[in-house]
2 protein chains.
Amino acid sequence: MASAPLTTEVLVATSRALLVEGGADAVVVREVARRLGVTAPALYRYVSGRDDLLTLLIAACTEEATSVCMEALEGCGIDDVEARLRAATLAFRAWALAHPSEFGLVYGTPILHYAAPEEGPTVEAGRRFGRLFGSLFVDLLETRRLRAIDDALLPPAVRQALVDTAARLGLPMRPGEVYPFVVGWHRMLGIVSVEVTGHLHWAFGGDTTAFIHLQFEELFDDLLLPVVR
Amino acid sequence: MASAPLTTEVLVATSRALLVEGGADAVVVREVARRLGVTAPALYRYVSGRDDLLTLLIAACTEEATSVCMEALEGCGIDDVEARLRAATLAFRAWALAHPSEFGLVYGTPILHYAAPEEGPTVEAGRRFGRLFGSLFVDLLETRRLRAIDDALLPPAVRQALVDTAARLGLPMRPGEVYPFVVGWHRMLGIVSVEVTGHLHWAFGGDTTAFIHLQFEELFDDLLLPVVR
DNA sequence: TACGGTCAGTGAACACCGTTCACCTGCGCT
DNA sequence: AGCGCAGGTGAACGGTGTTCACTGACCGTA
């Protein structure tokens with residue numbers, strides 16, 4: 001009984017169900033096949049093996065995270081950049097918390113010995129996600145809400161790296177303007193990672209929401225300039 | 001040829017070598033036995049299975065991280081609390097970077113479906129590590145270097161949780177004093193996690209040290225009061 | 001209508017895994 | 001000398017990823 005037409009989407013969806021149920025180790029080729037009413041070798045027509053399955057899964061989850069954040073943007077006025085940044089950040093955190101397994105797969109400890117293929121779907125999906133936040137920071141800069149720092153305050157190595165990164169990403173920013181972008185990304189991911197992996201449990205038990213929101217507000221204070229009126 | 005006497009230490013050391021070589025998936029009971037010149041079932045005299053092996057490994061790595069941080073403390077004057085905090089933090093970061101696999105095992109995505117045994121060696125080792133940083137913050141408080149905040153600034157839920165945590169840990173602190181401790185722990189772990197997992201590569205390539213040190217200094221600025229003289 | 005070819009899926013097989021079990025085997029103690 | 005037992009073995013079970021030769025259904029063409 002081959003109920004489903006056996007597209008890669010179906011493969012990914014089934015893999016994801018297994019991931020959620022039992023972690024990355026539980027994503028097992030034979031079980032995916034079993035749930036699709038088919039034997040394992042059949043999957044090799046669509047996928048080159050387990051690693052490929054995981055690659056597709058990572059890419060799909062990254063896409064979903066990106067979509068969730070973009071949908072959150074739609075709720076706020078196009079001109080309120082602060083609200084957009086807040087919405088995207090909180091949406092990302094909410095997605096991560098609701099899908100810890102997926103988050104772990106994408107942003108957690110890289111499965112050593114599983115090297116994501118260069119220029120594969122995962123890195124492209126990652127770029128899409130990065131561009132989303134990048135464009136928010138461009139908007140912040142244009143509306144004079146970005147708390148940039150003096151280039152001279154940056155150690156030369158950092159300054160140079162930021163110049164290169166801005167060039168590579170095509171961001172029309174000087175290092176002191178790229179800096180808050182990188183800091184924002186870095187701290188946001190750190191905040192969420194530590195929360196999702198449960199390393200705040202010892203302090204707050206199961207309810208970390210209030211604390212995390214506080215951390216985000218402190219981060220926004222560091223990143224944003226007050227509205228000029 | 002049973003060269004080594006087959007203590008749990010030897011088991012852990014061998015498992016760790018496998019971990020470093022090929023990630024958590026590569027710590028394989030049969031291979032551990034093979035390297036010890038013994039067959040797999042022999043290990044079951046010393047260890048109840050693969051999960052037990054991983055548990056011991058996690059505990060050992062946590063112990064090592066703790067030791068590394070404590071040794072770093074010895075280098076600085078007993079009265080210079082700021083130097084001690086800085087030394088411990090940088091030592092932790094250096095250890096994590098030098099041992100990404102071990103760090104991932106301890107602080108990375110929890111291996112879902114692998115539940116660390118309650119009250120096992122892992123949680124005790126974790127407590128030891130937490131106490132180290134906790135005592136640093138107690139010292140900061142006593143030497144009036146801790147940038148505490150007004151209790152009233154904390155949302156009620158956060159405040160109450162911090163009161164409970166302080167009581168449970170036996171820390172003689174009010175919530176506004178516990179807060180920077182938790183924030184410090186949270187941000188430090190976040191900073192290190194994101195760096196170790198390589199999610200700063202897009203901005204800095206392989207050399208993230210300067211940026212990370214900058215982040216730590218910003219963190220210390222938020223945590224510490226200037227010396228009163 | 002009959003034929004050839006492509007595609008999707010199968011079953012068996014290989015090598016490996018964690019784990020259990022009955023079975024030694026050699027040492028120390030009585 | 002003989003017993004007991006800690007420590008190690010080999011075989012086995014059920015599971016895994018992956019490969020391979022194979023079947024069978026479908027489809028365009030002669």
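What you see is a predicted model; the values in this text were computed from it and never measured.
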Candidates C:dG9, C:dT19, D:dG8 - which lies nearest the side chain of B:Tyr44:
C:dT19
Before we go on, tell me: are the rings of A:Phe129 and A:Phe92 under 6.0 Å apart, centre to centre?
yes
Ring centroid separation B:Trp95 to B:Tyr107 under 6.0 Å
no
The side chain of A:Ala42 is closest to which nucleotide in this list: C:dG18, C:dC17, C:dG9?
C:dG9
Residue pair B:Arg128 / B:Ser67, side-chain donor-acceptor N/O under 3.5 Å
no
Using whole Å, report how far CG of B:Leu53 lies from C1' of C:dG18.
12 Å
Distance (rounded to the nearest 0.5 Å) between B:His186 NE2 and B:Ile191 CD1:
10.5 Å
Phosphate OP1/OP2 of C:dG9: any A:Tyr46 side-chain N/O under 4.0 Å
yes
Among D:dG8, D:dG17, C:dG18, the one nearest A:Val28 by side-chain distance
D:dG17
Considering the options A:Val28, A:Leu18, A:Val32, which one meets the side chain to side chain contact (heavy atoms under 4.5 Å, CB included) requirement together with A:Leu53?
A:Val32
Spacing of B:Glu31 atom CD relative to C:dC17 atom P, expressed in whole Å
7 Å
Provide, to the nearest angstrom, the distance between the CG atom belonging to A:Leu18 and the P atom belonging to D:dG15.
15 Å
In whole angstroms, the gap separating P of D:dT18 from CG of A:Asp51 amounts to 7 Å
The answer to which of A:Ser48 and B:Arg45 contacts DNA chain D further toward the 5' end, by nearest nucleotide, is B:Arg45
For atom CG of A:Leu36 and atom P of C:dT10, their distance in whole Å:
11 Å
Send over the distance from B:Leu43 CG to C:dT20 C1', rounded to a whole Å.
14 Å
Give a yes/no on whether any side-chain N or O of A:Arg30 is located under 4.0 angstrom from OP1 or OP2 of C:dT10.
no
On DNA chain C, does the nearest nucleotide to B:Val29 precede the nearest nucleotide to A:Thr39 from the 5' side, or the other way round? Give the residue.
A:Thr39
To the nearest Å, give me how far apart CZ (A:Arg50) and P (C:dC16) are.
18 Å
Interatomic distance, A:Leu11 CG vs C:dA8 C1' [rounded to whole Å]:
13 Å
